[in-house]
Each structure stands twice: as C-alpha cells, then as structure tokens.
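Below: the structure, in structure tokens.
Chain naming here is simple, since letters A, B, ... match the order of the sequence lines and numbering starts at 1 in each.
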Amino acid sequence: MSDIGVTVKKNEAFSEWYTEVVVKSGLADYAPIKGCMIIREHAYAIWEKIQGIINKKIQATGHLNVYFPMFIPEGFLKKEAEHFEGFTPEVAWVTHGGDSPLEEKLAVRPTSETIMYATFAKWIRSWRDLPIKINQWCNIVRWETKATKLFLRTREFLWQEGHTAHATSEEAEKEVLYILGEYRDLMENYLAIPVLVGLKSDSEKFAGALYTMTLEAMMPDGKALQMGTSHNLGQNFAKVFDIKFVGEDEKDHQVWQTSWGVTTRLIGAVVMVHGDDKGLVLPPKVAPIQVVIVPIPYKGADAEAISSKAKEVAAKLQARGISVVLDERAEYTPGWKFNQWELKGVPLRIEIGPRDLKQQQVTIARRDTGQKIAVKEEEIFATVEKLFEDIQNNLFEKAKVALAEKTFTVQNYEEFKRIVAEIGGFLKVAWCGSSECETKIKDETGATIRVRPLENEKPTVTCIRCGQKAKEMVFFARSY
RNA sequence: GGGGCUGUCGGCUAGCUUGGUCUAGGCUUGUAGACUUGGGCUCUAUAGACCCCGGUUCAAAUCCGGGCAGCCCCA
C-alpha cells in the first residue's frame, strides 16, 4: 500500500491527478488484463451505497431484481440489425468450451436486451402478464479499443440494467421519464452532481432504441460525462423477438419496452467533480465511512479516558445510523491519520484529545472546507447531522457553479471552435436538426451533441454550422 | 483512428545521451525494536528492483528489433 499522498494538483495535471487519487485512495487498482480494473473495497462500498439508493427507488415502484446469463448466443444479438451493428465491434466472443469449438459462438453480454427479450416472449401471453419490470446488477464487457480510463472507460464494468415491457406506448414513455427523474435525484441529491437532462440525437442514441434520454455532467477539464441513460425501445425488439400479448380487446398486440442503466462510471464522476489536492471528497450520503474519530493520546495525558470517550462518541453516533470508524491505531501519529482519511474522502473527522476532554467537547473537522470547530459533547449528534447537510449542499452548490461556468451560449461558429479548443464545457447552440451538420461539427471540433434539452426553447437564431433555419437549441461538448 | 513519451526494489526515483568500480544509489514503504502522538515524528537494525523475448558486443539497466503494459496530446 502506498501511503504517500497526491503529488499533482487537480488544476495543473487533471488526468494524472485523477489516476493518482483513484489508486491512492484505495478505490481501484490496475488489473493484469489490459483495459480492466480492480474495483477495491472503498469503491465497492460506494457502489453498494448507490445500489441501495437505486434498489429502494425502483422496488418502491414494483421493479424486482433478477439475474440472466452473461452469455448471449450470436443469433440473439443479430435479430435486431441496428442493435447488432452498434455493439458488434466491441463484443468479446466465447468460441470454445475446453478444446471443442462451440456450434454457435457466445457473446459475453455487452448489454442484455436480447437474451432477456427472447425470454419475455415466453413469459408474456396476456395483458394480465404486463407490465414486466425487472432489473439486474451485473458486469458488462465491451472490448474497448480506445484508451481506457479507470471507472470511465474499461473493458469490463458493473452496472444495473432495468428492462420493462408495457401494454401501451404511453406507459413505456411514462416509465422512461420516471426513471430519468429518479436518476436525476440520485445524481443531484445523493452524488451532488448537477446534470443536464434530455434527449440524445439519433447518432448518439442507443442502438436499437426509438429514442434515448440522457443525463450529462460536466467534468473539471471541460469534458462532458454521460451519467446514465433511459431508452424508449418502442416495439423494435418486440417485433424481432415476437413479444406479443392478447389484449383486453381479444386482439394480438406487441409490447412497448424500455431499458435503462447506470454504471460504476458514476464513481469516477464523484472523484472528478468533488475531489481536491488532498484526495477524495465524498458526499455524506454516499460515503461508506461518514465520520472518523481520531483520539489524540498525549504522553502524560489520560489515554484511558480519551479512549473511552472516543468509544462512547462512536457508539452514540453509530446508534443513530451514522457510519463511524474509530482509528485507535497506536502506530500512526494523528497527523498521519488525518492525511490518510482525507485522502479517502471521509466527510467529517472528530478529534478527541486532552484539551477536549477537559472542556467536555470534541473537535470536528470538515473534509470539504477544512474548517475545524469545537463542539460541546451534548451537541455532537445534532452538529454532525447539520454538517452532513451543509457538506452535501456545499458540494452540490460548488458543482452547480462549476457547471454554470462551463456552460456557454454561442452563436458564432468561430467562437464555438475556440471555446471547444480552449475551455471545453457545454456549448448551447441553435441546430438545424440535420445529422450532416452534427457530423461536420464533430469532425471539425471533436464536440458532439450531448443533450437536446427537454424544456426546449425556440431558437431565435440560425444553425451554428450551416446558417439555415434552426429547429432547436442543443448542448454540444467534447466527452469521455 | 493518428502522434508522442515512459517501463529500475511494494511506491517515487538516480543511473541510460557517451555500454565497463552498477557488487545498481537515494527517498518512501514493509518487518523488528526504541521513542513519540493537536497535520504524514525521530533513531537503530533488516528486507527488497533493471517489464518480457530476441539481437549487437569481450561486456547491456544503458544500443537495436519485436511484444506487453501505462501515460499524454490530437481526432
């Protein structure tokens, strides 16, 4: 284990800073397989927090967890042409069992629509079987050929994928928006990361979907990060997998479907958005360890009394549902511990030393601001709760400011190019709606349409690229 | 997709340009002990490395080729 802290500054060498923080804080490690990562204890604990939040949300609305095989027969993938075309370049194939070649090669799932929907066709016969609302937590393999980056782009990652089938188009549409709303709540109110929400353009939508809704965040280096997607699949898969039911009208109908997911990439976003030169900064709502208590047992001080006070405080906080670590390791100095827990992003640190004991108080330090305050013993819990709220809000507010600072409205293509090249960020522009302009802008600047916002305002100017009549205002950015 | 850079103890690195006292040095870390503890204490002892394959050469960490891996920049 390396115990040396972060050696580069976030605003000087962002990419290296990110890698250092991820590795040194114990979130992840490089795996001995190219493009793959080891998700370590700390990151997995954050992932479990995210799982808890999502499970609670979706289970409250009748979605249940399942598990489907990770192998998908080639024939399944091929059924929906656009889907197959979209995913086949990065599918990992299983071709042999032991030494014997398989009759039909198997894809290691790049996503599970096809294997699930082949099964839906068996499960669904009547309108009474609908809706189907399932979700699975699993790993996904997409054999990236581009440079990989811890959490943001790896060949294998973890996600949840929700899949639903409905009797009507309206129901499916409602589901897509419902999930979008819950994702937004997760990202903004738990991860403290503001997002732009809206539609993907046709060239960026999910392969096989009618349309894709997306949530996009802005990273400090000016690149956008797709945080989650919710797809309306329409009847595209229902047609090819023949998923039909007899309706109340006694006629055959095809189902309407949705799928939606978020991945471990969210953890990378938290690192990038909130982290600082000392390491991680975790929002209290998703911090696996919310409070660390560091006793300061001076020589000659009553170490026994300090230790028992620390235990007492820890127990009281734990009893109220707060996740606490009491760091009584004698072999490390307090200063060393401060640095280590700061690297790991623990939101609050409570110091208890002789001075505190004498005055029946503790010292509480905030991770986000570094501010230290003395708190009377009887006020510890209330103060901790209050500080959690403050930190959670502070992180979100800071991220909102950062997003606003990196959002530009431009009407001139030269200025557009300059901002993309020099600053990055989201560029709000008028767009004619043609994929030609979209492609040209991508080729000329590297920026793509990240979001077509839901609450669309009518453009008052012409298309940024072609100067023709504009259809809508969209957000361009370069992205991860 | 294109270009560039880099691989040395667990981590960070010196050495490489100009092959030879390199028997590979330092810091950090690990282990044992002592001393300490309000911001990465100090001391002692000890452990630990030239990415892999091939080539050139009397001689390779150093030069050449290939592989693998990582990073950066551009699209």
Side-chain angles (χ1 to χ4, degrees), chain A residues 1-8 12-26 28-38 40 89-90 143-150 152-155 221-223 276-279 292-307 309-310 326-344 346 349-359 361-367 369-375 417 420-422 424 438-448 476-480:
Chain A
M1 192 204 318
S2 168
D3 290 316
I4 304 298
V6 183
T7 60
V8 290
E12 286 173 9
F14 184 72
S15 195
E16 284 109 318
W17 169 87
Y18 174 78
T19 305
E20 267 200 29
V21 170
V22 167
V23 173
K24 290 183 173 175
S25 67
D29 206 346
Y30 285 97
I33 301 106
K34 182 179 164 63
C36 292
M37 72 185 289
I38 295 158
R40 296 197 57 181
E90 48 189 39
W143 211 255
E144 297 286 351
T145 53
K146 292 181 178 179
T148 56
K149 195 165 192 79
L150 294 170
L152 302 190
R153 184 183 288 127
T154 49
R155 285 181 171 172
D221 61 349
K223 285 188 184 172
D276 64 18
D277 291 343
K278 290 176 162 185
V292 61
I293 300 179
V294 180
I296 321 268
Y298 263 119
K299 190 178 175 104
D302 190 347
E304 195 76 354
I306 289 172
S307 173
K309 179 57 71 185
L326 171 56
D327 188 355
E328 287 207 277
R329 292 174 296 178
E331 62 273 27
Y332 293 108
T333 62
W336 196 95
K337 292 176 187 176
F338 295 170
N339 283 288
Q340 192 192 26
W341 294 114
E342 279 166 359
L343 180 58
K344 284 181 171 290
V346 177
R349 177 181 71 241
I350 299 184
E351 303 168 23
I352 303 178
R355 284 207 301 264
D356 299 301
L357 213 55
K358 203 193 286 176
Q359 297 171 49
Q361 65 174 33
V362 299
T363 302
I364 301 184
R366 282 174 69 151
R367 175 62 182 91
T369 59
Q371 185 192 17
K372 275 194 191 190
I373 51 169
V375 178
K417 285 199 271 196
V420 170
E422 289 173 16
E438 192 186 2
T439 309
K440 276 180 191 160
I441 292 171
K442 183 181 178 181
D443 292 345
E444 287 161 4
T445 69
T448 52
F476 273 85
R478 294 216 287 199
S479 69
Y480 275 101

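Taking atom CD on E20(A) and atom C1' on G11(B), their separation rounds to 11 Å, with Å as the unit. Taking atom CG of residue D327(A) and atom C1' of nucleotide G38(B), one finds them 15 Å apart after rounding to whole Å. R329(A) places its CZ atom 11 Å from the P atom of G30(B), with the value rounded to the nearest Å. Atom CD1 in I352(A) sits roughly 16 Å away from atom P in G39(B) (whole-Å rounding). Between Y18(A) atom OH and C71(B) atom P the separation is 11 Å, expressed in whole Å. G40(B) atom P lies 15 Å from atom CD of Q340(A), rounded to whole Å. Atom CD of Q371(A) is separated from atom P of G39(B) by 18 Å (rounded to the nearest Å). As a whole-Å value, the separation of K24(A) NZ from U28(B) C1' is 11 Å.
Distances from the side chain of P297(A) to the nucleotides G38(B), U37(B), C41(B) place U37(B) closest. Listed candidates were C71(B), G39(B), U37(B). Nearest to the side chain of K372(A) is G39(B). Nearest to the side chain of Y30(A), among G40(B), C71(B), G39(B), sits C71(B). Side-chain atoms of N339(A) lie closest to G39(B) of the nucleotides G70(B), G39(B), G38(B). Listed candidates were U37(B), C41(B), C71(B). Nearest to the side chain of P334(A) is U37(B). Set against G30(B), U37(B), C41(B), the side chain of Y332(A) has G30(B) as its closest nucleotide.
Considering only residues two or more places apart in sequence or on other chains, Y480(A) meets the side chain to side chain donor-acceptor pair (under 3.5 Å) condition with D221(A). For R478(A), there are no side chain to side chain donor-acceptor pair (under 3.5 Å) partners at least two apart in sequence or on another chain.
With both pairing distances under 3.5 Å, C16(B) is matched to nothing as a Watson-Crick or G-U wobble pair. Within the shown strands, U42(B) is the pairing partner of A34(B) under the Watson-Crick or G-U definition, both distances less than 3.5 Å. If you check A24(B) for Watson-Crick or wobble pairing at under 3.5 angstrom, you find it has no partner at all. Pair assignment for C71(B): G4(B), on the basis of Watson-Crick or G-U wobble contacts that are both within less than 3.5 Å. In this structure U57(B) sits in no base pair that meets the Watson-Crick or G-U test at under 3.5 Å. Checking A49(B) for Watson-Crick or G-U wobble geometry (two distances, each under 3.5 Å) identifies no partner in any strand.
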Verdict with reasoning, Y18(A) to K149(A), per side chain to side chain contact (heavy atoms under 4.5 Å, CB included): CA-CA 10 Å; Y18(A) 174 78; K149(A) 195 165 192 79; 3.8 Å; yes
Worked check of side chain to side chain contact (heavy atoms under 4.5 Å, CB included) between C36(A) and R155(A): CA-CA 6 Å; C36(A) 292; R155(A) 285 181 171 172; 4.2 Å; yes
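Rounded to whole Å, the C1' atom of U28(B) lies 14 Å from the corresponding atom of A47(B). As rounded to the nearest Å, C58(B) and G15(B) have P atoms that lie 29 Å from one another. When the P atom is used for both G30(B) and C74(B), the distance is 39 Å, rounded to whole Å. Nucleotides C53(B) and U62(B) are separated by 13 Å at their P atoms, to the nearest Å. Taking atom C1' in both C16(B) and G40(B), the straight-line distance is 33 Å, to the nearest Å. The P atoms of G48(B) and G26(B) are separated by 14 Å, rounded to the nearest whole Å. Between U18(B) and A60(B), the two C1' atoms lie 14 Å apart (nearest whole Å).
In this model, a side-chain donor or acceptor of T363(A) finds a partner on the base of G38(B) within 3.5 Å. One N or O donor and one acceptor, one from the side chain of E342(A) and one from the base of G39(B), sit under 3.5 Å apart.
Of all heavy-atom pairs between F338(A) and I296(A), the closest is CZ-CD1, 4.0 Å.
Looking only at distances, no side-chain donor or acceptor of T154(A) sits under 3.5 Å from a matching main-chain atom of L150(A).
With the nearest nucleotide of RNA chain B identified for both C36(A) and G353(A), G353(A) has the one nearer the 5' end. In this structure, R349(A) and T19(A) both approach RNA chain B, and ranking their closest nucleotides by distance from the 5' end singles out R349(A).
Taking a cutoff of 4.0 Å between a charged side-chain nitrogen and a carboxylate oxygen, E351(A) and K372(A) qualify as a salt bridge. In summary, K278(A) and D276(A) do not engage in a salt bridge, as defined by a charged side-chain N under 4.0 Å from a carboxylate O. A salt bridge does not link K442(A) with E444(A): none of the charged nitrogens is closer than 4.0 Å to a carboxylate oxygen.
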Anything under 3.5 Å between a protein N or O and an N or O of nucleotides 73-75 of chain B, put it in a table, one pair a line.
| residue | atom | partner | partner atom | Å |
| --- | --- | --- | --- | --- |
| A75(B) | OP2 | R478(A) | NH1 | 2.8 |
| A75(B) | O3' | D443(A) | O | 2.7 |

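Residue G370(A) is classed as having no contact, given no heavy-atom separation below 4.0 Å to the nucleic acid.
Distances shown here put a side-chain N or O of T333(A) below 4.0 Å from the OP1 or OP2 atom of C41(B).
When only modelled atom types and interatomic distance are considered, E328(A) and S307(A) share a side-chain donor-acceptor pair under 3.5 Å.
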